[in-house]
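Worth saying up front: this structure is predicted, and the values here are computed from it rather than measured. Along the sequence shown, residues are numbered consecutively beginning with 1.
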Amino acid sequence: AGPTHEYIDPVRFLSNPSSGKMGFEIARAAWYRGAEVTLVSGPVSLVPPAGVSVVNVTSAQQMYEACMDEAADADIIIKAAAVGDFRVQEESAQKIKRKKGEDLVLSLVQNRDIAAELGRVKKPGQILVGFAAETQDLAANAQKKMASKNLDIIAVNDVLAKGVGFACDTNSITVMARGCPDVKCSGGKDEVADALLDAVLRSKTRG
């Protein structure tokens, strides 16, 4: 759940507006249903759900390591985090000072693709769920992501739509699962979390 922070120097970082609310609601809903839940969370200002084991991380690399450490023991993995795709090639050890008349140029390199790596090492019977925060061609982009990362289920939303996605208490998703009709769900993030878990359980029952 949540964002990652990719530091440029000791006081600045690259990130995104993710609040972690969707991932936290999924963790809470899963625990309510009797699951043993481990929540890997980027930097957020949320109270962890009761009964849930939390692993706090900051960077995409730390999130990758934590997810890979936990993955082997998981029956279901839900990747709701907004992981930074890029980090600076070289983090400055000291605060970068502004120089009059000079632009700051950053060289960025790609972070590891956590969902793709989890899809690569997925065990038989394990369910891997991803999220796709899109701004256009939602269905096509989600299907492409599901295939390229070996996901069983993907929840796609239009982050430009009102009341959807980052920092909101509400969400509207389309759940796409292999061999099943698409399911649309809107409402509070707690309601959306329950609808997503229903889809996961249907997929696991078929498997």
Show which side-chain atoms of residues 179-187 pair as donor or acceptor with protein atoms under 3.5 Å away, not counting sequence neighbours.
residue : atom : partner : partner atom : Å
S186    : OG   : S172    : OG           : 2.7

Just jot down the salt bridge (charged side-chain N to carboxylate O under 4.0 Å, His left out) partners of [X], sequence neighbours excluded, or say none.
X    : answer
D194 : R33
K145 : none
D9   : R12

What distance do [X] atom [atom1] and [Y] atom [atom2] have between them, rounded to the nearest 0.5 Å?
X    : Y    : atom1 : atom2 : result
L197 : I76  : CG    : CD1   : 7.5 Å
L128 : D152 : CG    : CG    : 6.0 Å
L14  : D85  : CG    : CG    : 11.5 Å

Could you name each residue pair satisfying ring-ring contact (aromatic ring centres under 6.0 Å, His included) that touches residues 11-57, not counting sequence neighbours?
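Those involving residues 11-57 are H5-F13, Y7-F13.
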Closest approach of [X] and [Y], non-hydrogen atoms and distance?
X    : Y    : value
A74  : Q126 : O-NE2, 2.7 Å
N157 : A133 : OD1-CA, 3.4 Å
A30  : V37  : CB-CG2, 3.8 Å
N141 : Q136 : ND2-O, 2.8 Å
L46  : G20  : CD1-C, 3.6 Å
A93  : P10  : O-CG, 3.3 Å

Side-chain polar contacts of residues 102-118 - donor-acceptor pairs under 3.5 angstrom, sequence neighbours left out - could you list them?
residue : atom : partner : partner atom : Å
S107    : OG   : Q89     : OE1          : 3.1
N111    : OD1  : R87     : NH1          : 3.1
N111    : ND2  : G84     : O            : 2.8
N111    : ND2  : F86     : O            : 3.4
R112    : NE   : Q61     : OE1          : 3.3
R112    : NH1  : Y64     : OH           : 3.2
D113    : OD1  : A115    : N            : 3.4
D113    : OD1  : A116    : N            : 3.0
D113    : OD1  : K149    : NZ           : 3.1
D113    : OD2  : K149    : NZ           : 2.3
E117    : OE1  : R120    : NE           : 3.2
E117    : OE2  : R120    : NE           : 3.2
E117    : OE2  : R120    : NH2          : 2.6

For the hydrophobic clusters of this structure (ILVMFWY residues joined by side-chain heavy atoms under 4.5 Å, transitively), does one cluster hold both [X] and [Y]?
X    : Y    : result
V200 : M146 : no
I77  : I154 : yes
L201 : I127 : no
I78  : V156 : no
I153 : M22  : yes

Are there more than 12 heavy atoms of other residues, nucleotides or ligands under 6.0 Å from atom CD of E36?
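Open.
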Surrounding NZ of K97 (heavy atoms of other residues, nucleotides or ligands, distance under 6.0 Å), is the total greater than 12?
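No, because the 6.0 Å sphere around NZ of K97 holds 12 heavy atoms or fewer from other groups.
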Is there a donor-acceptor pair closer than 3.5 Å between any side-chain N or O of [X] and the backbone N or O of [Y]?
X    : Y    : answer
E65  : Q62  : no
R202 : A177 : no
K189 : N171 : no
N56  : P43  : no
S92  : K95  : no

Could you walk me through whether L196 and V129 satisfy the side-chain contact (heavy atoms from CB on, under 4.5 Å) test, starting with their C-alpha distance in whole Å, then the side-chain angles of each, then the deciding distance to 0.1 Å, before giving a yes or no?
CA-CA 9 Å; L196 177 61; V129 184; 4.2 Å; yes
Is any side-chain heavy atom of [Y] closer than 4.5 Å to one of [X]?
X    : Y    : result
E70  : V55  : yes
T38  : V52  : no
V121 : M68  : yes
T174 : L138 : no

Can a side-chain donor-acceptor contact be found between T4 and E6 if the only test is distance below 3.5 angstrom?
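Yes.
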Step by step, would you call K122 with N150 a side-chain contact (heavy atoms from CB on, under 4.5 Å)?
CA-CA 8 Å; K122 186 171 61 175; N150 195 24; 3.5 Å; yes
Is a salt bridge present between K21 and D169, judged by a nitrogen-to-oxygen distance below 4.0 Å?
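A salt bridge links K21 with D169.
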